[in-house]
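Below is one structure, written out as structure tokens; comments come after it.
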Amino acid sequence: MEWRAFGPTKREVPVIGQGTWHLEEDDRDAAIAALRLGLDLQMTHIDTAEMYGDGVVEEIVGEAITGRRDEVFLVSKVLPQNATRQGTIEACEASLERLGTDRLDGYLLHWPGEHPLQDTIEAFEALQRDGKILSWGVSNFDVSDLDAAARIAGEGRMACNQVLENVQQRAIEHAVLPWCEKHRLAVVAYSPLGSGRFPGPRTKGGRVLGEIAQAHGATPRQVALRFVVRRPSVFAIVKAGNPEHTAENAAAADLELSAAEIARIEKVFPLGRRPRTLPTL
Ligand code: NAP
């Protein structure tokens, strides 16, 4: 596993971490085994949210990390509709309870919402002062949202922006990624395998991924994951409902793509024009 400094936090985090969206729909034992195997393979960044399964996923994660809390870089998210000054504190405390822990390593606003950002940020800062969260960040923030958050919080306060990024959806590379790099935020790529819509082997892009994979004795998904984390600011969180998928995904970190291979992938999955609004899932 490769580890990198996570934005301005003083923490090293693995380049490939574990997502948990829809985990409540999987066989519970298989899902827990997958998360635990992920920890064994050093995929210690676990991403969850109060939204996932209405809290059930946080309970599953809590069970999976029992006895192993100190290994984990644990991140959860507050829903925008709960993100008032008091609501954010209460949502965090409920997440901690479901996760069976006394602290989160990261706590994020799931997407920009109706409540004043100032109130959410004040709550994050209070939670951090109290030791309930070790860092805070945002998710699905476009450049204008990031500017607004930085004006309120000041430089160096936000740890990360969690955004959609995979071979087929590279919109953040236009402006969001450069903004985060300039301001030293970690970029966390969600849906790095396209959330179940992975390019088929008979498509043009799928063939290129297949050929590069074959040259490395790897799989197309491993190539796609490694491509997503090709810049030092980027981390991926990938969801797997069974240990076989987890093992395949963890091994992506060991792959080394050449500059020519990266250029080939960029060509077959072009960046396209900058969209007016940031794509989300
Ligand atoms: P993803 O990780 O790109 O893809 C997950 C899908 O790929 C699942 O269907 C999974 O199947 C399958 N898969 C995973 N590894 C595989 C493998 N080695 N071989 C074959 N299939 C494989 O999609 P995602 O869940 O949307 O995104 C990842 C995480 O990012 C989420 O779980 C969540 O934590 C986070 N996220 C955040 C936001 C946000 O707004 N902040 C939005 C979306 C996602 P199995 O389940 O059967 O293994």
Side-chain angles (χ1 to χ4, degrees), residues 16-35 37-38 41 43 45-53 56-58 60-61 64 72-80 83 95 99 104 106-113 136-142 145 159-172 176 186-201 206 209-210 213 218-229 234-253 255 278-281:
I16 313 279
Q18 307 191 75
T20 61
W21 192 23
H22 294 305
L23 202 69
E24 80 284 5
E25 294 165 17
D26 294 309
D27 175 81
R28 192 179 172 104
D29 290 343
I32 289 174
L35 286 170
L37 176 68
L41 299 173
M43 296 166 95
H45 178 181
I46 298 185
D47 176 77
T48 189
E50 62 171 340
M51 184 186 101
Y52 299 164
V56 171
V57 170
E58 286 182 324
I60 297 171
V61 170
V72 185
F73 187 83
L74 184 60
V75 176
S76 192
K77 313 184 201 81
V78 59
L79 277 166
S95 286
L99 286 159
L104 291 169
Y107 196 40
L108 317 183
L109 176 59
H110 211 143
W111 61 87
W136 63 265
V138 294
S139 178
N140 298 301
F141 267 41
D142 208 339
D145 308 309
C160 66
N161 187 17
Q162 188 181 117
V163 282
L164 177 63
E165 169 74 356
N166 57 55
V167 286
Q168 300 171 101
Q169 290 276 1
R170 299 176 49 207
I172 59 155
V176 169
V187 173
V188 179
Y190 73 67
S191 307
L193 292 178
S195 204
R197 287 180 298 278
F198 193 74
L209 293 175
T219 68
R221 281 183 174 79
Q222 289 172 331
V223 172
L225 277 177
R226 187 70 229 189
F227 174 82
V228 163
V229 297
V234 183
F235 299 77
I237 41 172
V238 54
K239 183 260 171 185
N242 66 69
E244 292 75 28
H245 287 171
T246 301
E248 179 180 341
N249 299 340
L255 202 58
L278 193 66
T280 58
L281 209 72

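Counting starts at 1 for both ligands and their atoms, in listed order. FYI, the numbering just counts along the sequence from 1.
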### A240 N/O under 3.5 Å from ligand 1 N/O
no

## Note on the structure
For atom 31 (C) of ligand 1, the closest protein heavy atom turns out to be W21 CB, 3.6 Å

### Query
Identify the closest protein heavy atom to atom 34 (O) of ligand 1: which residue and atom is it, and at what distance?
D47 OD2, 2.6 Å

### Message
Tell me the contacting part of F198 for ligand 1: side chain, backbone, both, or neither, using a 4.0 Å heavy-atom threshold, strictly below.
### Response
neither

## Note on the structure
If you scan protein heavy atoms around atom 27 (O) of ligand 1, the nearest is S191 N, 3.0 Å

### Message
Does ligand 1 come near enough to D26 that some N or O of the ligand is less than 3.5 Å from an N or O of the residue?
### Response
no

### Message
Any non-hydrogen side-chain atom of T20 less than 4.5 Å from a side-chain atom of E58?
### Response
no

### Query
In this structure, which one of D26, T246, D47 forms a side chain to side chain donor-acceptor pair (under 3.5 Å) with K239?
D26

### Task
Return the residue, atom name and 0.1 Å-rounded distance of the protein heavy atom closest to atom 9 (O) of ligand 1.
G196 CA, 4.3 Å

### Task
Give a yes/no on ligand 1: does W111 have at least one heavy atom closer than 4.0 angstrom to it?
no

### Identity and distance of the protein heavy atom lying nearest atom 23 (O) of ligand 1
S195 CA, 3.1 Å

### Task
Carefully, step by step, assess H22 and E25 under the rule side-chain hydrogen bond (donor to acceptor under 3.5 Å, both in side chains).
CA-CA 6 Å; H22 294 305; E25 294 165 17; 3.0 Å; yes

### Query
Quick one: are V138 and L108 in side-chain contact, heavy atoms under 4.5 Å?
no

#### Entry: For atom 3 (O) of ligand 1, the option (of V57, V228, L193) bearing the nearest heavy atom
L193

### Query
For atom 29 (C) of ligand 1, which of D27, L23, I237, T280 has the closest heavy atom?
I237

### Query
Between L23 and L35, is any pair of side-chain heavy atoms under 4.5 Å apart?
yes

### Message
For ligand 1, which is the ligand I care about here, please tell me if L281 has any N or O atom under 3.5 Å from one of the ligand's N or O atoms.
### Response
no

### From CA spacing to verdict: side-chain hydrogen bond (donor to acceptor under 3.5 Å, both in side chains), Y190, N140
CA-CA 10 Å; Y190 73 67; N140 298 301; 2.6 Å; yes

### Summary
Heavy-atom nearest pair, V167 first then V228, reads N-CG2, 4.5 Å

### Task
Kindly confirm or rule out an N or O of P192 lying under 3.5 angstrom from an N or O of ligand 1.
yes

### Message
Test of understanding: with side chain to side chain donor-acceptor pair (under 3.5 Å), list the residues that count as partners of R170, not counting sequence neighbours.
### Response
E173

### Distance from atom 43 (C) of ligand 1 to nearest protein heavy atom, with residue and atom
Y190 CD1, 3.2 Å

### Task
Give the contacting part of N249 toward ligand 1: side chain, backbone, both or neither, where contact means a heavy-atom distance below 4.0 Å.
side chain

### Query
Has ligand 1 got any nitrogen or oxygen that is less than 3.5 angstrom from a nitrogen or oxygen of K77?
no

### Query
Considering only the protein, which heavy-atom contact is closest to atom 40 (O) of ligand 1, and what is its distance?
N140 ND2, 2.9 Å

### Query
Can you tell me how far the CD atom of Q162 sits from the CZ atom of F235, to the nearest 0.5 Å?
12.5 Å

### Task
Flag the pair W111 / P80 as yes when at least one side-chain heavy-atom distance between them is below 4.5 Å, and no otherwise.
yes

#### Entry: Residue part near ligand 1, for A49, under 4.0 Å between non-hydrogen atoms
neither

### Query
Do Q169 and S191 have side-chain N/O donor and acceptor atoms under 3.5 Å apart?
no

### Task
Only counting residues at least two apart or in another chain, list the ones meeting side chain to side chain donor-acceptor pair (under 3.5 Å) with Q168.
none

### Query
atom 5 (C) of ligand 1: which of K239, Q162, M51 has the nearest heavy atom?
K239

### Query
Using a heavy-atom cut-off of under 4.0 Å, does the side chain or the backbone of H245 touch ligand 1, or both, or neither?
both

